[in-house]
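What follows is a set of notes on a single structure, which appears directly below.
The sequence lines fix the lettering, A, B, ..., with proteins before strands; numbering per chain opens at 1.
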Amino acid sequence: MGLSGINFKQIEEKWQERWAESKIFESEPIKNKPKVFVTFPYPYMDGPLHVGHAFTSLRCEIFARYKRLKGYNVLFPWAWHWTGEPIAGAAKRIAAGDEMLIKMIHKTSKVPLDEVKKFTDPLYMAKYFTEVSRRIIKRLGYSIDWRREFHTTSYHKEYSAFIRWQYNKLRSLGFVVKGSHPVVWCPKDKSPTGDHDRLIGEGVSAEQMNLIKFKFEDSYLVAATLRPETIFGVTNIWINPDDTYVKIKLGNEKWIVNEYTLQKLENQDYNFEILEKFKGEKIIGKYAEAPLVKRKILILPAFFIDPYLGTGIVYSVPSHAPYDWMGLKFIKENKEILEKFNLNHEEIKNIEPISIINLEGYGEHPAIYVVEKMKINSIKDPKLEEASKEVYLEEFNKGIMKDNCLNFSGMKVKEAKEKIIQYLKNLGMLEQIWDLLYPVVCRCGTRCIVSIFKDQWFLKYSAQEWKEKALKALSKMKIFPEEARSWFIETIKWLDDKACARKSGLGTPLPWDENWIVETLSDSTIYMCFYIISKYVNQGFLNYENLKDDFFDYVFLGKGNEDEIERICKVNRDLLRKIREEFLYWYPVDLRVSAKELLPNHLTFYIFHHVAIFPEEFWPRMIGVNGLVNIEGQKLSKSRGIVVTIEEAVEKFGADTVRLFLALSAEDMNDCEWKWSNVEKVQSHLSSFFNFVYKIIEMENIERKTEMDNWLRSVFYRKIIKIEELLEELKIRSAANLAFYEIWSDIKWYVSRTDNPNPIFLKNIIKDWLIILSIFIPHICEELWEMMGNKNFVSTSTWPEAKIEYIDVIEEAKEEMVIKMYEDAKRLLERKKEATRIYIYLPREIKYSIIKDVDEMIKVGKKRKDIFDTLIKKYFDVIKDKSQLTKTINEILEHYFGINETLRNAINKAKEVDLKVAESLIKIFSREGYSCTLFKETDENIYDPMRKMESALPFKLGFYLA
RNA sequence: GCAGGGGUUCCCGAGCCAGGUCUAAGGGGCGGGACUCAAGAUCCCGUGGCUUAAAGGCCAGCGUGGGUUCAAAUCCCACCCCCUGCACCA
């Protein structure tokens, strides 16, 4: 048989077909059988599934298979996410003939060009990727109950009915409210510009700016600032002479701002009328009056003002703002400009910085101090930005308002800032608008502004009682890894109201306001309970006409009168009860797993919505969080084409290889590194594994006990216990490593240590081993399982029980020592190559006694010093030489800390172990052609020229080579 | 900036919460050897420095710098660097 070339593909197809035929993963409630419900967040269908999806979902799959073998009734369903903007957006762009996008989809998503052309229809696109993805998930051999499959959006009327119920519920609970919200806005597209829609300005969000009014003639010059507390240090106003300014009428007031500001005001609900337009230079040299300080100040020219930021008008505080200081310095030294704008030289020379904030270590004028420290000489020096930041942060955090700040004097800047804003607001001299502190440019090339979105629907995550419930749920939940918990806590605390509806994209309309579509993260929160409904929908027992709100109230919450529901929803009472019972059986979700990027949003919303809608017994039980997948050292990125689809991977290496590779790749929140060369390596390991097991299966069926049987049984079942512990904590990588590599190497060691391994015994071990491995590599395991003559599926067999009597501490300790001593002796032989005889020495009896005492005392927590003193007293009669005794005890103490747990467990039997080890070593070395002799203390005629018996210790034999 | 995670020997990666078992697990790569016609697979040895004239030896090492302790990769403080998230985007 040509074993070396295993046909993975053929084996995988064979078993996938058989599983499907026998419906072993179709889960129905079974009374009194404990259940486990595992879910993976339904993937978004704007492309084929990639190895990142596989990495995460595999944790669900492995956990599901493990629990199934442990005797649980396991439900692992699957569904598809279509809700949102990207599918619709891509369809639009393809319709518009976006060649770049078409090429990208063709190339990275591996879609034939004639298919891409049909993607002008978003529905077609979603369906296409769903088909492709279903096929590939099946090829991975997941143990999924496919009868419960569904997809989202109004294209699935039953799902929409479910969302409608959920949102009516949330609204009636007061968790959906109307409000307004600032968004980054493209004035040309007339739509919000999310991070993904931007050419420039990723991560920039709307921030509040203060507008301070300076009296000027019949109107106000409206200056924008982030630091209203500096108003006490104002010396002049800056205007860009080349910019266009406008005088506008707002209510009873007249404002002057630059022209660009108008669209900000428009979008932020200000009504105004334009009275006049003029160039900045027109008002340069005139005077305005600062509020609060009531100072007359000059309007001066400045070219450093960014017309897009604020209002195009800035008030100058040279003592605390490096830009202002450099601007002032520049103008004082620049006669040309003074003349051009007809400014009085003397007057300008007299403008001096006014210090209003005390900042330790920065001198009288922090701005000047920092400018000098950073050696900034020009108004155009880019370091000015950094200088401004430093002064701002330091003053904000450590500054104290000086005596010249009215009743704000003596306050910390942090505190004064808020109070001054309030004070000026009350005086009517300050307003706040939203602005972007850094430029944002839409993909269409337009500079973005901030717009206030009115009449937006929000989920009220700010509600205190909601947060508290979420925190309570979290505290009862198991989180893997535990480090993720604090992140959840922070997120729950930090979360504010969140807009939950959009105007565009695919999805389900808000039931009471059909212009809005429930946004994607907001409709994916409690849908796991829909897996119970969707089975009946798919089987034709239910359709959307049955799925009125009353139906869901009854099935999910046990509310309502059966007669009435039967009548209103036209659902037969028995069916109704059956569905309700099925819900009660499967819910809550036991385990949900996602990558860490979904933690601060989806997973947290998942908790929020469950606690809002369901009673406590249906709150989620466990959440697993894992890292991301990098491709050959680069971040996975669909848009940059750095992506490996599951299809590619499975096509090249087969499902078991991909599964094992991913299972072994990274644990906890660490990222997985996808490397083709390593995947290949795993495949070759799988081939050898197959051959290795095959050879054992081929062995003759006879029982032939060996002295290593107990050892293998002991380490094997001990490892199974460890694997269980790891799987319970979702430590897939460690579990896979133990189960595959470490157990394998134990079995290899067993085979090499026995001249004739025991076939029956070995086959029993292999049988249990296959069961364990089947959670990682089910296809190969089924194949080998069948070769062993088993008639059932390994996937539905029973997890091996590690019986306590299988564990043999002494055997384990012995074998571990054999390995170690063998290595030691080998090292010596290296140095003395001519040796032909090996003398082995057991330690003196007294040392066994001492180490036993040490062990006992350590275990009851005695201090090292006490132990030492006790031992000196106890053994002084035996070893009269005190220095000799001290030396011995010290030596044993050091040695004790040097041995590992296995050996410590066997300390009571140390002598027995040592003897066995010595015998094993003699056997091994005799086989290698050395002549060996063993000596113990009680022997006569001990040949020990190097006094090796003296230096031998329990678990450390002495050697002499000659 | 804020929040969370992390920086370990050539690489990946465990250990850190509960300080002594760390001369740092386990892989991988690389070098050498065995087997083989050969390749692959498999097995063995080596993979910080020094010393092996000394028989299982000594020293250094866990982002940087301090501190606590008889003892620190592990605890405390400060700093540097990397990753993720920060909202209307899935």
By ring-ring contact (aromatic ring centres under 6.0 Å, His included), Tyr741(A) pairs with (sequence neighbours left out) His685(A)
P atoms of rA41(B) and rG29(B), separation to the nearest Å | 9 Å
If the C1' atom of rA34(B) is compared with that of rA24(B), how far apart are they to the nearest Å?
-> 30 Å
Can you check nucleotides 29-34 of chain B for protein contacts, nitrogen or oxygen pairs under 3.5 Å, and list what you find?
| from | atom 1 | to | atom 2 | distance (Å) |
| --- | --- | --- | --- | --- |
| rG29(B) | OP1 | Lys681(A) | NZ | 2.3 |

Glu482(A) atom CD is separated from rC17(B) atom P, nearest whole Å, by 16 Å
Partners passing side chain to side chain contact (heavy atoms under 4.5 Å, CB included) against Ile489(A) (at least two apart in sequence or in another chain) = Leu471(A), Leu474(A), Arg485(A), Lys493(A)
Lys638(A) NZ: over 12 foreign heavy atoms closer than 6.0 Å = yes
Is rG85(B) paired to anything, Watson-Crick or G-U wobble with both distances less than 3.5 Å, and if yes, which nucleotide?
-> rC2(B)
Determine which nucleotide pairs with rA53(B), using a 3.5 Å limit on both distances of a Watson-Crick or G-U wobble pair.
-> none
Complementary nucleotide of rU42(B), counting Watson-Crick and G-U pairs under 3.5 Å = rA34(B)
Between Trp744(A) and Gly958(A), the residue closer to the 5' end of RNA chain B by nearest nucleotide is Trp744(A)
For Glu519(A), side chain to side chain contact (heavy atoms under 4.5 Å, CB included) partners two or more places apart = Lys498(A), Arg502(A), Leu521(A), Ser522(A)
N/O to N/O distances under 3.5 Å, protein versus nucleotides 12-16 of chain B:
| from | atom 1 | to | atom 2 | distance (Å) |
| --- | --- | --- | --- | --- |
| rG13(B) | O2' | Arg733(A) | NH2 | 2.9 |
| rA14(B) | OP1 | Asn670(A) | ND2 | 3.1 |

How long is the span from the CG atom in Leu738(A) to the CG atom in Asp746(A), to the nearest 0.5 Å?
-> 9.0 Å
Glu483(A) side-chain proximity, nearest of rU42(B), rA55(B), rG5(B) | rG5(B)
Quick tally for nucleotides 85-90 of chain B: nucleotides whose base has a protein heavy atom under 4.0 Å get B, sugar-phosphate-only ones S, the rest -, giving SSBBBB
Determine which nucleotide pairs with rG19(B), using a 3.5 Å limit on both distances of a Watson-Crick or G-U wobble pair.
-> none
Measure the distance from CG on Leu686(A) to P on rU42(B) and round it to the nearest whole Å.
-> 12 Å
Between Ile163(A) and the options Thr525(A), Val518(A), Thr83(A), the side chain to side chain contact (heavy atoms under 4.5 Å, CB included) test singles out Val518(A)
What interatomic distance, in whole Å, is found between C1' of rC76(B) and the corresponding atom of rU69(B)?
-> 12 Å
What do you reckon, are the aromatic ring centroids of Phe175(A) and Tyr461(A) less than 6.0 Å apart?
-> no
So CH2 of Trp494(A) and OG of Ser462(A): to nearest 0.5 Å the spacing works out to 12.5 Å
For atom C1', what is the distance between rG19(B) and rC62(B), given to the nearest Å?
-> 15 Å
How about Phe8(A) and Phe653(A): are their ring centroids closer than 6.0 Å?
-> no
Shortest non-hydrogen separation from Ile452(A) to Ser180(A) and the atoms involved | CG2-CB, 3.9 Å
Would you say the ring centroid of Tyr839(A) lies under 6.0 angstrom from that of Tyr943(A)?
-> yes
